[in-house]
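Only one structure is covered here, and it is reproduced in the block below.
Chain identifiers are assigned alphabetically (A, B, ...) following the order of the sequence lines, protein sequences preceding nucleic acid strands; residue numbering begins at 1 within each chain.
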Amino acid sequence: MNNRLINWFKFASPATFYPLAGKMIPWFVALSVVFGAAGLYLGMFVAPTDFQQGEGYRIIFIHVPASWMSMFIYLVMAFWAALGLAFNTRLSGMMATALAPTGALMAFLSLWTGALWGKPMWGTWWVWDARLTSELILLFLYIGFIALQSAIDDPRRADKAGAVLALVGVVNIPIIYFSVKWWNTLHQGASVSLTKSPSMAATMLWAMLLVALCFWMYSIAVALGRARNIMLERERHTEWVRQLLAGKES
Amino acid sequence: MLDLLFAVIARDLKLALRRQADLVSALFFFIIVVSLFPLGVGPEMDMLRKMAPGVLWVAALLATMLTLPRLFGDDYRDGTLEQLVLAPQPLPVTVLGKMAAHWLTSGLPLTLLAPVLGLQFDLSADGLLVLTLALLVGTPSLSAIGAIGAALTLGLRGGGVLVSLLVLPLYIPVLIFGAGAVDAAVSGLGFEAHLSLLGALLAGSLFFAPWATAAALKISLE
Amino acid sequence: MLDLLFAVIARDLKLALRRQADLVSALFFFIIVVSLFPLGVGPEMDMLRKMAPGVLWVAALLATMLTLPRLFGDDYRDGTLEQLVLAPQPLPVTVLGKMAAHWLTSGLPLTLLAPVLGLQFDLSADGLLVLTLALLVGTPSLSAIGAIGAALTLGLRGGGVLVSLLVLPLYIPVLIFGAGAVDAAVSGLGFEAHLSLLGALLAGSLFFAPWATAAALKISLE
Amino acid sequence: MHWNSASEFFAMGGYAFYVWGSFGVTALIMAVEPIIVARRRKNLLSRLKRQITAENLAQRSEES
Amino acid sequence: MLEASQLECVRGDRRLFAGVSFRLEGGELLNLQGKNGAGKTSLLRMLVGLAQPVAGEITWRGEPIRKLAEDYRAELCYMGHHNAIKEELTPLENLLASARLAGEPLSEEQALEALYAVGLAGREDLQAKYLSQGQKRRVALARLIHERRALWVLDEPFVALDVAAVDMVAGLIGAHLQRGGLAVMTTHQAVTIPAGNLREYRLGA
Amino acid sequence: MLEASQLECVRGDRRLFAGVSFRLEGGELLNLQGKNGAGKTSLLRMLVGLAQPVAGEITWRGEPIRKLAEDYRAELCYMGHHNAIKEELTPLENLLASARLAGEPLSEEQALEALYAVGLAGREDLQAKYLSQGQKRRVALARLIHERRALWVLDEPFVALDVAAVDMVAGLIGAHLQRGGLAVMTTHQAVTIPAGNLREYRLGA
Ligand code: HEM
Ligand SMILES: Nc1ncnc2c1ncn2[C@@H]1O[C@H](COP(=O)(O)OP(=O)(O)OP(=O)(O)O)[C@@H](O)[C@H]1O
Ligand SMILES: Nc1ncnc2c1ncn2[C@@H]1O[C@H](COP(=O)(O)OP(=O)(O)OP(=O)(O)O)[C@@H](O)[C@H]1O
Ligand SMILES: [Mg+2]
Ligand SMILES: [Mg+2]
């Protein structure tokens with residue numbers, strides 16, 4: 001049995017991070033609920049009807065936050081990945097792995113809500129417009145990252161390989177953001193007029209920001225939860241996991 | 001006989017599931033190729049709608065073709081193929097099993113996914129239905145015909161590209177009838193003729209391909 | 001350093017020539033994919049002309065991608081890659097040499113062939129010229145970026161398909177600017193902006209890709 | 001608050017399908033993802049506990 | 001039972017051997033000798049029917065093996081230079097799958113027993129790609145434990161094995177011979193098979 | 001010159017070895033012993049820098065090899081389980097290409113001489129895919145003939161070789177030791193190296 005016992009103690013971080021993350025999760029969940037409730041209240045009940053798009057524009061309150069989060073999470077993921085490559089800390093790889101599925105879901109939500117918005121506004125579910133397309137590419141990048149990591153069984157190698165891919169893929173984020181300029185595009189057609197009436201703009205902006213904060217807190221909470229799972233799985237032979245499990249039992 | 005067939009299929013499916021990446025990525029390759037075209041061609045819906053059947057079929061073809069080197073390649077390299085050839089069962093049955101497993105892990109998922117991608121090209125409901133049907137009948141032929149090419153190029157380096165060279169010309173009838181069926185459906189013409197031709201191709205290739213492949217395998221091993 | 005570069009290039013070219021099939025079949029794959037489209041889409045010249053840049057570029061992309069698994073795969077399997085990594089020279093230089101050889105055996109022939117195929121689609125002389133130029137500047141980036149994906153998926157079964165999943169999203173900018181340049185030239189607009197963006201991509205990828213690939217190779221061997 | 005009735009709210013000015021389709025799927029995903037994570041955690045914990053008991057048993061039998 | 005007469009083998013423009021004849025009865029082992037490149041592997045592949053001799057004939061129980069085809073293969077067990085195991089499957093799965101494909105299903109207990117016998121206890125659920133060179137060879141050799149077909153053709157079975165494993169495999173071959181089986185084998189190592197009637201044949205003297 | 005201290009190796013969730021320490025000077029050969037799967041290959045890959053130990057350090061002339069990087073690799077020659085030859089190239093081309101890529105170009109005569117020395121005369125222009133198992137291994141080993149780098153790391157060099165070739169390779173290693181070189185080696189066969197200071201290390205007792 002001793003054979004299987006590995007002394008990971010020199011990398012103290014997961015052992016200390018695990019309970020810390022456990023304590024933080026409820027707080028982020030709570031924040032997320034509060035921000036979400038406030039944002040939805042503002043967005044669904046306070047914000048007035050858009051005079052061009054009618055009530056359909058209310059999709060914006062999830063579409064835009066989801067789009068932002070999908071890009072932002074990728075950047076965070078790449079940041080952790082770089083950290084892991086540079087300093088060989090195992091925690092960073094776990095964080096990157098934990099973030100990817102949430103990022104992919106956000107990208108999917110952006111596409112989904114965008115499509116549901118596009119049907120009434122543009123008359124079609126999908127156009128091959130620059131921004132939509134680049135969002136699709138972002139989804140592919142996430143999926144590529146996940147597929148690569150799941151194709152590798154050795155976690156250390158999976159972390160490193162994923163990190164290289166994530167860093168290479170970062171180039172695409174600015175491309176997504178600025179892609180609108182390279183094509184005459186349908187998407188940017190600002191049918192939501194943020195400048196029409198200042199009061200309306202303010203409520204809408206606030207609602208959007210609040211929902212974005214809600215998504216942000218949600219992502220942190222889920223990613224932390226997933227990171228805890230990964231930690232348990234990878235460190236199952238360490239002393240701290242044993243003690244933890246023993247403690248749970250008694 | 002059936003026992004052997006199922007044994008082969010079960011083993012290959014288990015291997016595919018174990019690898020996962022294989023299963024998922026053939027699908028995503030399909031998605032990505034389909035999505036590349038509008039990028040290269042530009043976003044005009046009208047033109048995209050006209051291109052749709054061709055693009056979807058070409059993508060299905062390429063996705064199938066990409067997975068062909070794997071069909072016998074791994075077994076060849078690690079010596080399993082010798083064992084299969086030396087097993088006291090008829091080789092064509094073994095080969096049929098491998099074809100079936102290949103279709104289940106490449107053609108079938110493509111078929112199921114195609115309608116969703118068709119939506120992106122704004123195909124009509126009729127078009128989507130016929131697209132799915134045509135793929136359902138057509139993709140098994142792709143696996144069967146592809147197996148011959150895969151067997152012939154075994155062990156030749158650069159086999160991956162060579163196999164496409166051999167196989168693509170044989171795929172062209174499937175492509176023409178397959179895309180033709182969808183085209184016909186979209187323009188409101190009868191698509192049954194195309195579909196039954198695809199069916200005939202399927203029957204023919206299921207009948208002949210196992211024998212041809214078995215012969216090719218024996219030659220490649222010698 | 002240059003010595004090593006040329007040694008790697010010379011060896012890989014010799015291997016490619018020895019295999020022949022490799023060289024020829026990437027080309028034929030390109031030809032076949034390009035010729036499949038008119039078959040799938042139908043013979044209207046007007047539409048074909050509009051599709052041409054996109055189809056040619058997508059085909060070039062796919063042909064390059066198909067050859068990627070070979071880039072390091074053979075060296076990995078027979079142990080040569082270990083020797084290359086252990087050689088007392090900087091790995092990024094070796095990698096650069098392999099990229100160059102890959103381009104010479106895939107990108108360059110495609111580029112030279114493309115104008116001929118462009119004729120089939122009734123492209124104008126201007127269009128053909130810009131197509132060739134764009135391919136000349138764009139295809140080296142494809143080899144460079146592709147090498148990263150090839151290195152990352154080394155030794156993973158199903159790598160052939162996985163590599164396309166990883167690499168295609170990264171190829172998209174090249175595709176957009178490449179096809180865009182030709183489109184612009186055909187419609188008589190300025191294509192210089194697109195070409196210089198392609199150039200920028202090339203410079204960037206030639207600078208970063210060897211390092212990223214070298215890192216990926218070391219990870220894959222561990 | 002500018003809705004006059006609940007039904008008006010749910011009708012969303014004729015965009016009900018699109019609006020609720022978006023919000024619904026979002027809500028669904030945000031509900032399912034944490035559940036999946038939590039379920040995986042539960043499975044993992046029970047599996048690990050089982051492994052540790054098995055190892056302890058093996059160790060004890062080795063000692064005796 | 002197994003008889004080869006006047007076999008000739010040509011590879012490229014090189015004649016590897018000609019006039020190779022021998023006869024093997026139940027309980028006999030033929031140990032094929034010869035230096036690297038003498039043509040041992042080529043001869044074995046002819047014996048199992050994977051390659052065709054340029055001249056000469058191979059018969060099994062008096063019938064040419066080309067005619068017997070599947071009937072011959074049903075009595076034959078071949079192990080080549082390659083291990084014929086799948087890197088993605090565990091040793092246990094490998095054994096079960098290859099037995100099933102060979103048309104002689106094993107039960108799970110039998111398979112486990114075989115794996116324990118070749119010293120892979122504790123590794124039966126590890127994907128084969130993680131095994132060491134010698135452990136992979138052991139998985140391949142585990143097939144022999146429950147193998148009861150009459151003719152074994154083994155191409156350098158001892159390669160990569162440690163001393164204990166070599167003895168174990170030699171014992172397996174001995175037991176096979178004692179049961180009245182036949183075996184043809186090549187090896188460059190000096191190995192003593194504990195039982196049976198041992199004969200040598202030297203290729204390309 | 002080469003010193004390993006307290007090396008630890010973990011594969012998957014198995015600790016293969018820990019606390020492996022040894023010191024090797026010029027003229028010494030370390031023969032790594034251990035049964036299949038003991039971790040010999042894993043240890044050799046650490047020694048050449050292809051894998052990182054979980055704990056412990058490897059130094060060469062007093063410096064950690066991670067720091068030395070290319071300077072260490074310039075004094076190192078590694079032969080793994082694989083032959084690292086290209087099937088499409090002839091033995092001659094293989095030898096020339098690998099020497100050039102390793103940064104120590106051979107002349108054509110030297111390469112031919114090496115091929116003759118390993119008994120491949122007459123095969124120097126045949127594509128390697130046509131060679132027998134043992135002949136391929138000989139092509140790989142031909143690299144050793146003109147190899148003058150200080151440290152040789154050889155993973156089962158004798159596999160698939162016939163008796164004459166085994167003696168020849170043993171002689172090569174002996175000569176290397178006599179020139180003051182170092183070597184680390186694994187093998188499951190009993191081979192006598194004719195010269196040098198021979199030491200054994202047993203993994204996983
Ligand atoms: C599948 C379809 C769609 C996708 C993938 C998509 C994607 C995106 C992305 C990535 C963003 C964030 C970009 C940024 O912050 O600059 C965004 C923002 C936005 N989208 Fe969409 N979108 C889609 C459909 C639509 C539709 C149909 C509309 C409206 C008619 C729309 C209106 C907006 C607006 C108003 C913004 C905020 C713009 C800004 O802040 O500059 N989108 N979308
Ligand atoms: N096309 C060819 N032209 C010339 N010689 C060839 C050709 N193909 C194979 N050979 C020779 O045929 C022989 C093949 O021998 P085989 O593999 O049967 O040897 P073996 O006795 O099994 O050797 P080993 O002990 O190394 O496994 C080799 O000597 C090889 O050089
Ligand atoms: N992911 C893993 N999980 C558990 N064990 C593993 C894993 N990967 C490798 N191993 C074990 O690590 C060992 C690798 O050993 P290595 O290849 O170094 O052996 P070796 O001493 O060279 O053996 P041989 O004599 O057979 O060549 C094997 O015992 C193998 O079972
Ligand atoms: Mg042999
Ligand atoms: Mg070993």
So, the part of C:Gln83 with a heavy atom under 4.5 Å from chain F: the answer is side chain
What one should report as the nearest heavy-atom pair of F:Ile85 and C:Asp78 is O-OD2, 3.2 Å
Determine the minimum heavy-atom distance between F:Glu70 and C:Pro90, stating which atoms define it. OE2-CA, 3.5 Å
Heavy atoms from other residues, nucleotides or ligands near CZ of F:Phe22 exceed 12 (cutoff 6.0 Å): yes
Taking everything shown except F:Arg66 itself, do over 12 heavy atoms lie less than 6.0 Å from its CZ? no
Distance check, rounded to the nearest 0.5 Å: C:Lys14 atom NZ versus F:Glu88 atom CD? 12.5 Å
Looking at F:Leu76, F:Val48, F:Asp71, F:Leu96, which makes the most heavy-atom pairs under 4.5 Å with chain C? F:Val48
Honestly, the part of F:Glu75 sitting under 4.5 Å from a heavy atom of chain C is neither
What residue, out of F:Glu93, F:Gln127, F:Gln52, has the most heavy-atom pairs lying under 4.5 Å from chain C? F:Glu93
Heavy-atom distances under 4.5 Å only: say whether F:Glu104 touches chain C with side chain, backbone, both or neither. neither
Residue among C:Asp3, C:Thr94, C:Asp75 with most heavy-atom pairs under 4.5 Å to chain F: C:Asp75
Nearest heavy-atom contact between C:Thr80 and F:Lys86 is OG1-CE, 3.7 Å
Contact summary for F:Arg100 and C:Phe6, nearest pair of heavy atoms: NH2-C, 4.1 Å
Check whether C:Leu86 gets within reach of chain F through its side chain, its backbone, both or neither, counting any heavy atom under 4.5 Å. both
Looking at every heavy atom in both C:Pro88 and F:Ala102, which two are closest together, and how far apart are they? CD-O, 3.4 Å
Is F:Arg143 in contact with chain C via its backbone, its side chain, both, or neither, using a 4.5 Å heavy-atom distance? side chain
For F:Leu101 against C:Arg11, the heavy-atom pair lying closest together: CD1-CD, 3.5 Å
